[in-house]
Amino acid sequence: MKVTVKYFAVCHEMLNRSEEEMQLPEGATVRTILKRLEEEWPEIAEFYEVMQMSVNWEYATEDTELSEGDEVALIPPVTGGTDV
Amino acid sequence: MKVTVKYFAVCHEMLNRSEEEMQLPEGATVRTILKRLEEEWPEIAEFYEVMQMSVNWEYATEDTELSEGDEVALIPPVTGGTDV
Amino acid sequence: MFKITDKIITGSEVREAVAAPDAGAIVLFLGTVRNNTDGKAVQHLEYEAYPPMAEKKMAEIAQEISDKWGIHRVAMIHRVGKLEIGEVSVAVAVASPHRKDGFKACKYAMNRLKQIVPIWKREVWTDGEAGWVKPDAVFFET
Amino acid sequence: MFKITDKIITGSEVREAVAAPDAGAIVLFLGTVRNNTDGKAVQHLEYEAYPPMAEKKMAEIAQEISDKWGIHRVAMIHRVGKLEIGEVSVAVAVASPHRKDGFKACKYAMNRLKQIVPIWKREVWTDGEAGWVKPDAVFFET
């Protein structure tokens, strides 16, 4: 199956792209994507702890199962609103 | 001595004037004014309980002593701001 | 800025008055004329004020806020005259380094404004009657 | 109205979005770009968002407020792109029958916005350095 993966903010900078299509095996989960990114760029794994993931605009876990056409995103720590 | 007395809102309506000059004896206090108004319009006395007085833009008591040129006001219950 | 006005209030007057490059939080309160008071249909409102004393009391409230929270940027404006439904009767703006204190200070300013600032409201209802209101009650029908 | 925009935010968008004849209280929060973060001089900010998810999460916050306080008129807008000192990054407006709940709801909206709405801030300091920040800390210098 094919999913779209989106990278924002620091992830965008780290991976040098904002979005890509990924071909995944049946039964793939969010973890499948994280492992694939780690192979490409090992340093990204240290940020996984502080990051969240989303599937189709909803927060997801590493175990969330994926389906054809899903939109997955890596969500760095949110800093919208204001600091004050 | 001569002082200015101001009437707002419901007091303005009751007394049918918004302001007047009053000639008062030396040693007069806010009470002197209240008594004089009561003579003219006895019904006003029942509102004294819920009203406040000011002298020169500062809340005052009935015992506050007055001086030449003071600006005195009868302050009905304040309802500025909003009810919500 | 502490002001009684007979002009329309937009909120931008008070907001601009408190803006500062080191204040990241602006809390703005707008009181607007509701179409009813406790279910009684309101046609319009009339506000009257004792302007010099009202503006002095507003400044005192700002001083209290400065003493309590160290917030120095507070502005208040209150309209007088005839107000239609939906129009702004009062606007309070507070700019602060921290939003938590900003919310507290703005709420405090509104509470104090109702207590000590000499402004009076006359409600004119759709049934043709009218009255000066005091907090939570009609004070004197006219 | 729940919106991510690259245009200047004035606050009037959200205020107009919540205005209603039966709501006497409007609480508006504006977050503006400060000239410093913990004393470090800021040159400008850059905000990035995941718009569809951000707008969905804003709507969820409004639903939480409706459930908690029965307040149904909430609007939020957040800017993205480059923001100069003093410009508004976020505006939240709440219209309510009672001002006490309005203050609570507006504060709640801001707190939740920082927690769950996918928006990120990159600070560019006057020393030429820059970094993505996370709550209370620089997250990743670039």
Side-chain angles (χ1 to χ4, degrees), chain C residues 9-16 18-39 41-45 73 83-111 113-114 121 123 136, chain D residues 9-16 18-39 41-45 73 83-111 113-114 121 123 136:
Chain C
I9 296 174
T10 64
S12 57
E13 330 75 353
V14 285
R15 185 195 145 190
E16 281 160 22
V18 300
D22 59 346
I26 297 177
V27 180
L28 180 64
F29 178 84
L30 300 173
T32 61
V33 178
R34 279 186 300 183
N35 59 6
N36 77 91
T37 301
D38 299 325
V42 171
Q43 210 275 322
H44 70 267
L45 294 186
R73 306 193 73 87
L83 275 79
E84 305 294 341
I85 307 296
E87 290 190 326
V88 176
S89 57
V90 60
V92 175
V94 173
S96 60
H98 302 284
R99 74 173 182 279
K100 206 175 149 193
D101 287 347
F103 279 111
K104 278 188 200 162
C106 189
K107 195 168 113 180
Y108 178 86
M110 278 304 306
N111 290 342
L113 204 146
K114 278 186 77 70
K121 180 165 76 172
E123 293 189 356
D136 306 320
Chain D
I9 296 174
T10 64
S12 57
E13 328 77 352
V14 284
R15 186 195 145 190
E16 282 159 23
V18 300
D22 59 346
I26 297 176
V27 180
L28 180 64
F29 178 84
L30 300 172
T32 60
V33 178
R34 278 186 302 182
N35 59 8
N36 77 90
T37 300
D38 299 325
V42 171
Q43 212 274 321
H44 69 267
L45 294 186
R73 305 193 73 87
L83 275 78
E84 305 292 342
I85 307 296
E87 290 189 328
V88 176
S89 57
V90 60
V92 175
V94 173
S96 60
H98 302 285
R99 72 173 182 280
K100 207 175 149 193
D101 287 346
F103 279 112
K104 278 188 199 160
C106 190
K107 197 169 113 181
Y108 178 85
M110 278 304 306
N111 290 343
L113 205 146
K114 278 186 77 72
K121 180 166 75 170
E123 293 190 356
D136 306 321

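Reminder, nothing fancy here: chain letters follow the sequence lines and each chain counts from 1. The model shown is predicted, which means the values in this text are computed figures rather than measured ones.
Residue Asn36(D) comes nearest to Asp22(C) through the heavy atom pair ND2-CB, 4.4 Å, listed as atom of the first residue, atom of the second, then distance.
Within the 4.5 angstrom heavy-atom criterion, no atom of Ala91(D) approaches chain C. Neither the backbone nor the side chain of Val90(C) comes within less than 4.5 Å of any heavy atom of chain D. For chain C, no part of Ala19(D) is nearby; none of its heavy atoms comes within less than 4.5 Å.
Around atom NE2 of His44(C), more than 12 heavy atoms belonging to other residues, nucleotides or ligands sit under 6.0 Å away.
Contact count versus chain C (heavy atoms, under 4.5 Å) is highest, among Asn35(D), Asn111(D), Val42(D), for Asn35(D). Chosen from Gly86(C), Ala93(C), Ala23(C), the residue pairing most often with chain D at heavy-atom distances under 4.5 Å is Ala23(C).
Between the side chain of Arg15(C) and the main chain of Leu30(D), no donor-acceptor pair closer than 3.5 Å is present. Within the 3.5 Å criterion, the main-chain N or O of Pro21(D) finds no donor-acceptor partner in the side chain of Thr32(C).
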Next on the checklist: Run the side-chain contact (heavy atoms from CB on, under 4.5 Å) test on Met110(C) and Val27(D) for me, step by step, so that the C-alpha distance in whole Å, both residues' side-chain angles and the decisive distance to 0.1 Å come before the verdict.
Outcome noted: CA-CA 11 Å; Met110(C) 278 304 306; Val27(D) 180; over 6 Å; no
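Using bins of under 30°, 30° to 60° and over 60° for the plane-to-plane angle, the ring pair Phe103(C)/Phe29(D) lands in the parallel bin.
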